[in-house]
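Below you'll find the structure, written out as structure tokens, and then a few comments.
Atoms considered below: every heavy atom in the structure, side chains included; atoms not considered: hydrogens, waters and symmetry mates. Per chain, numbering begins at 1; letters A, B, ... match sequence-line order.
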Amino acid sequence: MAQPILHVTGLTMDFGGIRALNNIDLDVNEGEIVALIGPNGAGKTTFFNCVTGIYQPTKGEINVYNKHKGRQISLLGMKPNQVTQQGLARTFQNIRLFSQMTVLENVMIGRHCRTKSFIIGALLRDKRTLREEEEIIQKSHQILEKIGLTRYENEFAKNLPYGAQRRLEIARALATEPVLLLLDEPAAGMNPQETIELVSLIQEIAAEGQSILLIEHDMKLVMSLSERIFVMDYGKRIAEGTPEEIRHDPAVIKAYLGEEVDA
Amino acid sequence: MITFQELKRSFFISLWFVFLTFPIMVIRVDSIEKTVQWRWMNMLYVAVGAFILSLIFRYMMRRKEGQSADDDEETSTSDQHLIHRWLTVPRYRNIIYGVMLTLALVLPLVFSTYQTSIMTTALLYVVLGLGLNIVVGLAGLLDLGYVAFYAVGAYTYALLYHFFGMSFWIVLPLGGMLAAVFGILLGIPVLRLRGDYLAIVTLGFGEIIRLILENWGEFSQGPSGVSNIPRPSFFGIDMSLDTALIYIYYLMIAFVIFTIFIVNRLQNSRLGRAWVALREDEIACQAMGIDKMKTKLAAFSLGAFWAGIAGVIFAAKTTFISPRSFTFIESAIILSIVVLGGMGSIIGVIIGAMVLILLPEYLRFLSEYRMLAFGAILVCMMVFRPQGIIASVRRTYTYNKKETADGEGA
Amino acid sequence: MDYFIELLFSGLTRGSIYALIALGYTMVYGIIGLINFAHGEIYMIGAFTAFIVATILSILGFPALAIIVLAGLAAVVWSASYGYTIEKIAYKPLRHAPRLSPLISAIGMSMFLQNYVLLAQTSDFLPFPQLISDFNFMEPVAHIVGSTDLVILVTTTVVMICLTILIKYTKIGKAMRATSQDRMMAMLVGINVNRIISVTFIIGSSLAAIGGMLIASHIGQINFYIGFIAGIKAFTAAVLGGIGSIPGAVLGSVVLGLTESFATGYVSSDYEDVFAFSLLVLILIFKPSGILGKADTQKV
């Protein structure tokens, strides 16, 4: 059987006395769209932060499958940039663009981890560096075309409409050539029209074989996009399955609607 | 245009400032002679000054608010002054650079050696400003101890000459490299810190270096400094003082051009982009696969390298250095240059250095108000125009459309 | 042993002065997250105001006690006014600017104020009149602990107690604590945040002014530059204790004062300032959250 590209076992994260993540096991297979849902404060973003190296988890294993080496690589102890290098790229819940850079430059930054030149290259501008630079620009441009942001290419990122900013975050993450794309509430704050466009964008990306793990609150989006849904509450897994299964899962209904009125 | 309300408000602000500045501005006491001097005229100056400035202040605030509202609506057309438009067009930019260079080259032929020497100082600050610009302007690391690296460079030359008789041209790269090494050694522990802490640590480091130079007499000759440092040689030819000063001036121009060339290349590289991204958002930057530490260290050590080189030249130019040349004030001046000119903008830094160094030299009566003005400039720039005189230009990239299509087809 | 006690007391005296200044740093930092670089200058202006007023009053032949009280009062009033005004000009317009902008503005303000005093007054050291005459009852221990030291220690303690009461039990104190925890939320529950920030600057500046007057009469001379070094040292103390924490500032100040006193007393006085700066660099590198501070985690 094919290896999962992301293989998380027993992930636990404590903040002081609070257990934000409790023994989470989660796999994502190649080409799959998995949604991570749960009420506010369930620990979804903490999960992302642990996986992408922003937090160091208290316990557990995080492995990513490296195709070239043909084996799982542990992400524990890696810095965020090394995690990205290994093929996990993410977007942020509260948009974090480089606001004083143009749209194209934002995407070009995404190419950083796939290119090499440094001080010497910058000073000498040798053939390799120039070729690399050319490649960065080309690829970034292609990605913008795909995402549909070409007309904003030379605008400052901060001047973009809200929906376009969210798309730009996705474009920037795609530029790192991720094995797995992690989207943290990509539709948050979008209007219905923008959400519809976003769904078709994500579908397009997925159609090219991109594996995606996404956090989302918009149930319609989650149900229509994902192949598998993972539900969390209070840092624990409460259910996992196809959208259809989740829809009827009593634990999920309980977590979302609550049995009795309590906070 | 100015309403009565406005005038009334300014009147009260003016009264407030009269009260505020009363003890310091009006009274001067001599506790030994037991005399008190009342300077009532100062009170009048303060009153009138505060009145006018408060009107200007509020006008500028309103204008700024209006501008930023514009900025959000349409894309920064309000920011596109004439100079900006010129700078975005490469041809015009080259013309500007050309004119500046020609003026710089003929200057010693027209003006006296004294003027040329002042100009050399200004150019030295251009180099320092461009160096600090890498650190502060591009990478967004507020370094308040920049002068420490300048001191390292200057003392490298002074002491290597003093103890080993090494010549300017050999020490020049050495001074830069030693400063860069200091930059890396300091950078490794401190660059993990948050922005404002970094500022204070670098400030502390700068002061430590100065205090060590002052107190470690056997090594650095203490507060009296090192004198008789030779000027740079030119194939061993003896030069009169005048010729030597003009020679240094031309050397300085060469260094400035060299620096601009290098900084320009750095800015337009993968590394330069990473710096700007780091300045904008560290976390997103790391999430995009940028090694934060390596990128910051590169900026910090390159900045230090330039300060070191400038230090060697400074020692060679003045032939005398002492710890007094390397106080925090010096760091603050260089920072003012970068902030006034526009963080991240090469031409801005050049203009900033010219204005801040030359103006007080030529307006002698202003020179005692120099530091006062520098302080005011830092505040006003931050409040009214944080992007500086010349905001860094938005970069556009050209790419071959055909190739893109090919790439997609393939 | 006498020498040890002498150093101990001089350390405590230093420490309590640092504490008066450090509190201003820590309170402002707690509320708006800004290193108020100009705070040292407020302290310097306090010392100058006290100097000017005290000299005039002594020429007019006022009794010593009246001079101390009036000069202190003047120092507090003017320093507080400066603190208030500086915030309005240099920091308030930058409330939403990138983090480094207010810091650069603060550095500018600090340079401006230094040179303002330099130009309006003098660049020379001014002999500060000895306001506190030696107490008779201190005679037996006068070679170890000076009367001024005693006054400084007592004054500082009283001020600290008042401040604690103010912050713990009054309405404005509660509002200050609320604002420092979450400015947005404080605003939503109806706290006038701008007013709280102003009050913080006023209180911080007043404390610095008291410190300025006390230290000036202790050391016996002032000039326009005293604020820079004192400011950095007090900042060091605030960071040492954990910036943002009020007890931390006091603790850090005492630790710094004692360290300096013993280091200069037993090791060497040449490197007095180097000790402080090195301490600052080391704490920031190894424990930026200080002794009592909380580590701040950045939200993602």
Can you give each donor-acceptor pair under 3.5 Å made by side-chain atoms of residues 326-335 of chain B, sequence neighbours left out, with the distance rounded to 0.1 Å?
| from | atom 1 | to | atom 2 | distance (Å) |
| --- | --- | --- | --- | --- |
| B/E330 | OE2 | B/Y125 | OH | 2.2 |
| B/S331 | OG | B/L144 | O | 3.2 |
| B/S331 | OG | B/V147 | N | 3.1 |

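- Between atom CD1 of residue C/I232 and atom CD1 of residue B/I200 there is a gap of 6.5 Å, rounded to the nearest 0.5 Å.
- Within the model, atoms CD1 of C/I107 and CG of B/L203 stand 8.0 Å from one another, a figure rounded to the nearest 0.5 Å.
- Interface remark: B/N42 contributes no atoms to any contact with chain C (heavy atom separation under 4.5 Å).
- Contact annotation for B/R210: neither backbone nor side-chain heavy atoms come within less than 4.5 Å of a heavy atom of chain C.
- Side chains of B/D196 and C/Y29 form a contact here, defined as non-hydrogen atoms less than 4.5 Å apart.
- In this structure, CZ in B/R28 is found 10.0 Å from CG in C/L126, a value given to the nearest 0.5 Å.
- Ring geometry for C/Y84 against B/W16 counts as perpendicular: the plane angle is over 60°, on a 0 to 90° scale with 30° as the lower cut.
- Looking only at side-chain heavy atoms (C-beta outward), B/V201 and C/L280 stay at 4.5 Å or farther from each other.
- B/L198 does not touch chain C: none of its heavy atoms, backbone or side chain, sits under 4.5 Å away.
- Looking at B/T21, the atoms closer than 4.5 Å to chain C (heavy atoms on both sides) sit in the backbone and in the side chain alike.
- Close approach to chain C, defined as a heavy atom under 4.5 Å from one of its heavy atoms, is seen in B/G140, B/L142 of residues 132-142 of chain B, taken by number.
- For B/V339, the part lying near chain C is the side chain, with the backbone staying farther off; criterion is any non-hydrogen pair under 4.5 Å.
- Among the candidates C/T236, C/V281, C/T85, C/L103, the residue making the largest number of heavy-atom pairs closer than 4.5 Å to chain B is C/T85.
- Put simply, the side chain of C/V53 does not reach to within 4.5 Å of the side chain of B/P23, judged on heavy atoms.
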Would you check, one step at a time, whether the test side chain to side chain contact (heavy atoms under 4.5 Å, CB included) holds for B/F205 with C/F277?
-> CA-CA 7 Å; B/F205 173 73; C/F277 285 127; over 6 Å; no
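- Applying a 4.5 Å heavy-atom cutoff, the residues of residues 115-125 of chain C that approach chain B are C/N115, C/Y116, C/V117, C/L119, C/A120, C/Q121.
- For residues 370-382 of chain B, the interface with chain C (any heavy-atom pair closer than 4.5 Å) comprises B/M371, B/L372, B/F374, B/G375, B/A376, B/L378, B/V379, B/M382, sorted by residue number.
- In this structure, C/F235 and B/Y197 have perpendicular ring planes: the angle between them is above 60°, well past the 30° mark.
- Looking at B/F19, both its backbone and its side chain come within 4.5 Å of chain C, counting heavy atoms on both sides.
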